[in-house]
Amino acid sequence: MRVASAVDEVSDRLLTAIAVGDFLPGERLPAERELTTLLHVSRPTVREAVARLQALGVIEIRRGRNGGAFVRDSWSESSGAAVRRTLLPRWEEFEQLFDLRGLVEGMVAATAARRRRPEDLEPMRESLAAHLAARTPREEQAADSAFHQAICAATHNPQIALLSRDLLTRISLGFPIEPWGKGERSHHHRAGQGHTALYEAVAAGEPERAEEIAREHFLISAEMIRDVLARVRAGEPT
């Protein structure tokens, strides 16, 4: 792959990841070294791609100890084209991944309900409470991640957690971060209801109910990505 085409692809993937809410306004992108590992490209490629996003006004570079590339906005004039180039050629694969993820996360939840120990429930309760009390999309996203990590941990099988993370990474364009859209409150409310029901099923040791709830719950992320693509196809602002 030529360096120029690699830069194009990484730029498009970053713009799309921001558009679907992998990275929210005010959030710092992963460091250059981490991006090279996640995206399997060279550091010069990442550096040039990030510079493009800065030129588009999507991110800003802050210097100093707590510096880095921070998201300024979830959308720019270039985002729609980037989303189309990134998602449309692989849309059949994405739909297959959405289906597979629902099946796998259902299995994860059912296994957690069968194997959870009393000490596994506290991290779930803490992250559930944090999610329900969250005041910003970034707080919601962090609590959501902690909750699902606690569910995976309750399976007591690290390979299951790795499988869950791998599917999330593939759906999220190489980033192991749950798509969060624009942080719509309707999504937050629906996710909170799903978390509460899932916790109750796991705590009660009801694998069939936990599986059904998890499969429904993970439709939210798929719907967010479908919604972004639909609005791009329709030429609407996102």
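Just so you know, these numbers come straight off a predicted model, no measurement behind them.
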Is [Y] reachable from [X] through a run of I, L, V, M, F, W or Y residues, each pair having side-chain heavy atoms under 4.5 Å apart?
X: L103; Y: I225; value: no
X: L88; Y: L173; value: yes
X: L168; Y: L35; value: no
X: W91; Y: V228; value: yes
X: L219; Y: M224; value: no

Let me see the working for E122 and R125 under salt bridge (charged side-chain N to carboxylate O under 4.0 Å, His left out), right down to the final yes or no.
CA-CA 5 Å; E122 183 60 26; R125 285 194 294 267; 2.7 Å; yes

Closest non-hydrogen atom pair, [X] against [Y]:
X: R28; Y: G67; answer: NH1-O, 3.0 Å
X: G174; Y: R13; answer: CA-NH2, 3.6 Å
X: S172; Y: I177; answer: OG-O, 2.7 Å
X: F98; Y: A222; answer: CG-CB, 3.6 Å
X: A109; Y: L198; answer: CB-CD1, 3.8 Å
X: L121; Y: A203; answer: CD2-CA, 3.9 Å

Could you give the distance from [atom1] ([X]) to [atom2] ([Y]), rounded to the nearest 0.5 Å?
X: E216; Y: Q193; atom1: CD; atom2: CD; result: 11.0 Å
X: Q96; Y: I171; atom1: CD; atom2: CD1; result: 11.5 Å
X: R84; Y: L229; atom1: CZ; atom2: CG; result: 9.5 Å
X: L100; Y: L167; atom1: CG; atom2: CG; result: 5.0 Å

4.5 Å side-chain heavy-atom contact, [X] and [Y]:
X: S11; Y: L53; answer: yes
X: D8; Y: R52; answer: yes
X: R231; Y: D227; answer: yes
X: R72; Y: V58; answer: no
X: P30; Y: F23; answer: yes
X: E27; Y: L24; answer: yes
X: F175; Y: L38; answer: yes
X: L29; Y: I59; answer: yes

Whether R101 engages the ring of F218 as a cation-pi pair (distance to the six-membered ring centre under 6.0 angstrom, angle to the ring normal within 45°) should be assessed.
no

[X]/[Y] ion pair, N-O < 4.0 Å:
X: E95; Y: R226; result: yes
X: E105; Y: R215; result: no
X: R43; Y: E48; result: no
X: R62; Y: E60; result: yes

Assess whether side-chain contact (heavy atoms from CB on, under 4.5 Å) is satisfied between V50 and I61, documenting all intermediate values.
CA-CA 9 Å; V50 169; I61 304 299; 4.0 Å; yes

Is a side-chain donor or acceptor of [X] paired with a backbone partner of [Y] at a separation under 3.5 angstrom?
X: R115; Y: T155; result: yes
X: T196; Y: G192; result: yes
X: D120; Y: R117; result: yes
X: E139; Y: H131; result: no
X: T86; Y: A82; result: yes

Quick one: do T111 and N157 satisfy side-chain contact (heavy atoms from CB on, under 4.5 Å)? Show the steps, please.
CA-CA 9 Å; T111 304; N157 184 336; over 6 Å; no

Using a 3.5 Å cut-off and no angle test, enumerate the donor-acceptor pairs between side-chain atoms of residues 144-153 and protein atoms at least two apart in sequence or in another chain.
from : atom 1 : to   : atom 2 : distance (Å)
D144 : OD1    : H195 : NE2    : 2.9
S145 : OG     : Q149 : NE2    : 3.0
H148 : NE2    : H195 : NE2    : 3.2
H148 : NE2    : H217 : NE2    : 3.2

Test side-chain contact (heavy atoms from CB on, under 4.5 Å) on V46 and V41 and set out the steps.
CA-CA 7 Å; V46 168; V41 294; 3.6 Å; yes

From the list E211, E206, E212, salt bridge (charged side-chain N to carboxylate O under 4.0 Å, His left out) partner of R209 resolves to E206

side-chain contact (heavy atoms from CB on, under 4.5 Å) evaluation trace for E9 with R85:
CA-CA 9 Å; E9 181 177 349; R85 287 191 297 265; over 6 Å; no

In chain order, what residues pass the salt bridge (charged side-chain N to carboxylate O under 4.0 Å, His left out) check against R116, with sequence neighbours excluded?
none

Applying salt bridge (charged side-chain N to carboxylate O under 4.0 Å, His left out), name anything that partners R114, two or more places apart in sequence or on another chain.
none

